[in-house]
Amino acid sequence: MKSYPMQLDSCFGTKVFSKTLKSLSLAVALALLPLAAHADQLADVKKAGELVVGTEMQFAPFDFLEAGKQQGLNAELFAELGKELGVKIKFLDLPWPSVLPGLEAKKFDVVAGPIIVTKARKERYHFVSPIAEATVALIAGAKDDSIKKPEDISGKTVGAGKGSAQLEELKTFAATLPEKVTIREYVDNNQAYADLAAKRIVAVANSLPNISYVAAQKANLYKVVQPPFGKKSYFAYLGRKDADADSLIAALDTAVTKMHDDGRLAALQKKWLGAEMDVPKGDFDPTW
Amino acid sequence: MFDWPLLQQNAPLLLDALWVTLQVSIAALAIGFVIGIVVGSLRLSPVPLLRRLGGAYIFVFRGIPLLVQLLFIYYFLPRIGLPNVSPTMAAIIGLSLAAGAYIAEIMRGGFLAIPGGQLEAAGLLGLSTSQMLLRIRVPQAVRLTLPALVNEMILLIKASSLVSVVGLADLTRTAQNLAASDYMFIQDYLMLAGFYCLINVPLAYCGSLLERRLKEQTA
Amino acid sequence: MIFDPKIVTDHLGDIGSGFLVTLGTWSSGVVLGIALGMLIAVAQVFGNNFVRAPLRVFIELIRSTPFLVQLFLVYYGGPAFGLSLDPIPAGILGLGVYGSVYFAEIFRLGFESVARGQLEAADCLGISRLQCIWRIQVPQMLVIILPALINMITVLCKETAVLSIITIPELTMVLTGIGSETFAFVETLLMLCIGYLILVELCSRLGMLLESRVGRFMSRQPR
Amino acid sequence: MNSLLIPSGAVSASTREKQGESMKISATAPGEQPTILTLSKVGKSFGPLRVLKGIDLEVQRSEVVCLIGPSGSGKSTLLRSMAFLEEYDEGEIRIEGQLLGWQNTDKGRRRAPQSQINQVRRNIGMVFQQFNLWPHMTAIGNVCEALRRVRRLSADEANKRGMAMLEKVGLAHKANAYPAQLSGGQQQRVAIARALAMEPHIMLFDEPTSALDPELVGEVLQVMKTLAKEGMTMVVVTHEMGFAAQVADSVIFLDQGEVVARGTPQQIFHNAEQPRLQQFLQNYLDRNAFWQDSKPPTPNL
């Protein structure tokens, strides 16, 4: 111990502290400078021959691993989009809270997710046409008879993914119930499902496609609480909202619409989400 | 409650991920070691400004959680015009910078443990400051601090469980992904713990062996 | 994009409560960790091999695995073994157990650092082992181990960031939450840096104060 | 350095004996055994190395015994065995008739319970080469600790007795100083006061002046001499031959774990017969003889 003490740093006086703050604020000031470079993102992607997609691999049935291989709707849908654009697709797996900051830092071209289109998000990001319905519902314990309809969560503890639109929807719904609902926020949904199995919470709020898949996989553990409590909403992929990104999003939009028309999208929905879904084509106004 | 076929299926995937974890940890230890020597000797420099500089480095990189540092490097440095690095590079840079702060403190302790007379003797023989650092101080300090450095390696391997926030599929992230699709949370996490032990328990054993040997030599 | 102070002022209440949750879980975890660590160290230094061997295994297992993994196993795996804890108690327990093995190692080195002769002198005077630990070894080793102790306490401070995975609304959870709600990633990340630096700085200040107090007898100057 | 050499019969032990005679008699209360410490066939091994090879020794009440010998002769081990700081593995050590450290059972002997060891050890005071003061306590704190925790005296009582003990070693004015603020000689005097406070019947000194700068040796020896005069039973391991010559009633020369010679200081220092003892004394003289050609300085004790 004596030969390598973990010494207290006596020199960390206020002066150094304030200096540090100064240099940090300098870094911030630099960060605020607008980026000068103007380019066409579609051209860049085509030049590189590769579209980099940020996603989270813990979002079945859209993205998940099976025996170490990526599976789900996203992989197959993007494979089609890649064909349309004539580029290869490269997926990058990140924990959900890192995905949007990563997009803004230009770590990848688009975000798969997919994520629910909301008004606030539409102001910040550029969405591609929706690919699935995302209305929020509850999943509860298979043998829990106390939860038969969404209103039964009144006075109980419920979970949702941290920083998700589903969480916001749940909060809004909970506020309408007679008794206070305790809401736990999970870094990823799977921990919420685990806690549901451990009976710490009575239900988890998530979009219908996700919980339908989970309940189908583990019918002995979970059941979907019908009907969905949320307003009708949709899942979509998204990109950055700046001038250079416009060309790329437009190209993807065209490709999705094409898949819409020729039935490829419907086939994928049926394969992964259990049923065809009626989703708006092109731009639409989200309900919230 | 254990599902053996699944375990056999997942084990090779985790083994691959363990390799990723080891690669970034070893790279970070090597780079962190160099940073540690520089910052550690700055902390002992006779020039007050240099001492301050070393102190500030340690203050920042030891005071901010690694998770936040990693996010900063990955997402915000590119915005201020610094190169847009790959996930692997971001993980290595983040881990090295933090490891450098800890190793600097270890090395400072090691440098201080070298009797001053030795340096006076070296100075009288005409060795330059850098020669003294590389030929006399570093070799001895490393010998003295080897157990602490092994310990630091263990801490680094554990700390690397956070690198998934920059998009690197390390051991922890892989296990989490597996758990998310097979819903065997406990089994997958126990396996994850087992894989960390696979590396760290032998390392810890080496560390205590080295510590005992050092104690015998100096006693 | 501009640093928007409104992000901070709008969420001042949430940030404050996150700060307090971090402070609370951290300090409780530290107290628990030090108490457990002291017990482990005493058992290791004074116990026989039947006590020491299992403790050694426990220490190695805890030291070899990331806190994140341990916390996950305790919280999500606990119910399978009949241990169903609420997030905050689980977090404090996890933090305390994780810290305890490091504290124990620090205390063990501390015990070893008190010269054997002093214990022989106490032995000859008939002072009991327990009295010897409490009156002679602990006060002295405190001075020697204080820097290492403070270091470990600051490490635990940063480990509290991991508590968000078991849904504890601590500082990291709150601020990243605000980040994804308002997309103000820069502001929240900076707030995180500043928040933790304040906590760590507070801790080192306290440590220095303590060091100058408990170490007075080491000085050659009369008071 | 007033007591280094062996004076040729000047201040001898016999002189001191006469001075202390009356006190010694009064110190032995009627009915008490005159023999306070008995060692019979005491042996001790560290692994294959046998450091004590069957030592027999008796110490009478108020007797001062000095143990001398080259380093590695086993003299410190022997002294530490008398306080059971070393577990001797053969023979017996009895203090006032009680067996120290072991108890005999049907299955042979085993270590006595700690309470019993402490019971026997109550009668022993020990002074160490390295003082072994507790650095986080003041001088008076060191002296009072065992009075409070073991003897369970009240703070006032302990303090009163502690101050008396510090007075005795001439350090009452340093009562509130920490060990780091005291010289080596002062620290050793505090250590003596600490041992004396427990009113031991026998004091063991393990090279009490070896760790001191030469100019500080005198003050410690002075305190020990006073103790001897007052009739304290003492066993002293020392390299201070002058002290042994002046104060000891008997001197024991140990070499390689055996008692090679024992006798009065006169017999040991002036009429040494054993070659090993002669060699030891010659080495000692050679090392300390700075007066080669002139007359040795006269000791003024």
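Sequence lines set the chain letters: A, B, ... in the order given, protein chains first and strands last, and positions in each chain run from 1. Side chains are part of it too, since the values below use all heavy atoms of this structure and drop only hydrogens, waters and symmetry mates.
- Considering only heavy-atom pairs separated by less than 4.5 Å from chain B, the leading option among C:V200, C:T176, C:L61 is C:V200.
- C:L189 touches chain B through backbone and side chain together, each having a heavy atom under 4.5 Å away.
- Proximity to chain C (any heavy atom under 4.5 Å) is shown, for B:I157, by neither the backbone nor the side chain.
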**Message:** Please evaluate residues C:F67 and B:K158 with respect to the criterion side-chain contact (heavy atoms from CB on, under 4.5 Å), reporting the C-alpha separation (whole Å), side-chain torsions for both, the decisive distance (0.1 Å), and the verdict.
**Reply:** CA-CA 8 Å; C:F67 179 49; B:K158 291 197 293 171; over 6 Å; no
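- Looking at C:I62, only its backbone comes within 4.5 Å of chain B, counting heavy atoms on both sides.
- Annotation for C:R116: atom CZ does not count as buried by contact number, only 12 or fewer foreign heavy atoms lying within 6.0 Å.
- Within the 4.5 angstrom heavy-atom criterion, no atom of B:Q69 approaches chain C.
- Residues forming a side chain to side chain donor-acceptor pair (under 3.5 Å) with C:E60 (at least two apart in sequence, or on another chain): C:R56.
- Closest non-hydrogen pair, C:L190 versus B:F72, comes out as CD2-CZ, 4.0 Å.
- Chain B is approached within less than 4.5 Å, heavy atom to heavy atom, by C:K158, C:T172 from residues 158-172 of chain C, ordered by number.
- Contact check for C:N151 versus B:R62: side-chain heavy atoms found under the 4.5 Å cut-off.
- For B:L71, the parts lying near chain C are the backbone and the side chain together; criterion is any non-hydrogen pair under 4.5 Å.
- For the pair C:Y76 and B:F185, the minimum side-chain heavy-atom distance is 4.5 Å or more.
- Heavy-atom pairs under 4.5 Å with chain B were tallied for C:T65, C:L199, C:L192; the largest tally goes to C:T65.
- Only the side chain of C:Y102 comes within less than 4.5 Å of a heavy atom in chain B; its backbone stays farther off.
- Counting only residues at least two apart or on different chains, the side-chain hydrogen bond (donor to acceptor under 3.5 Å, both in side chains) pairs with a member in residues 191-206 of chain B are B:T172-B:Y196.
- Shown here for B:A193 and C:L73, the closest heavy-atom pair between the two residues is CB-CD1, 4.3 Å.
- Shortest non-hydrogen contact noted between B:Y102 and C:V155 is OH-CG2, 4.2 Å.
- When all heavy atoms of B:V201 and C:S64 are compared, the closest pair comes out as CG2-OG, 3.4 Å.
- A 4.5 Å side-chain heavy-atom check between B:S161 and C:V69 finds every atom pair outside the cut-off.
- Side-chain contact between B:L192 and C:F72 is absent, with no heavy atoms from C-beta onward closer than 4.5 Å.
- C:E105 has its side chain out of reach of B:N151: every pair of non-hydrogen atoms, C-beta onward, lies at least 4.5 Å apart.
- For C:R63, the salt bridge (Lys or Arg N to Asp or Glu O under 4.0 Å) test picks out no residue, with sequence neighbours left out.
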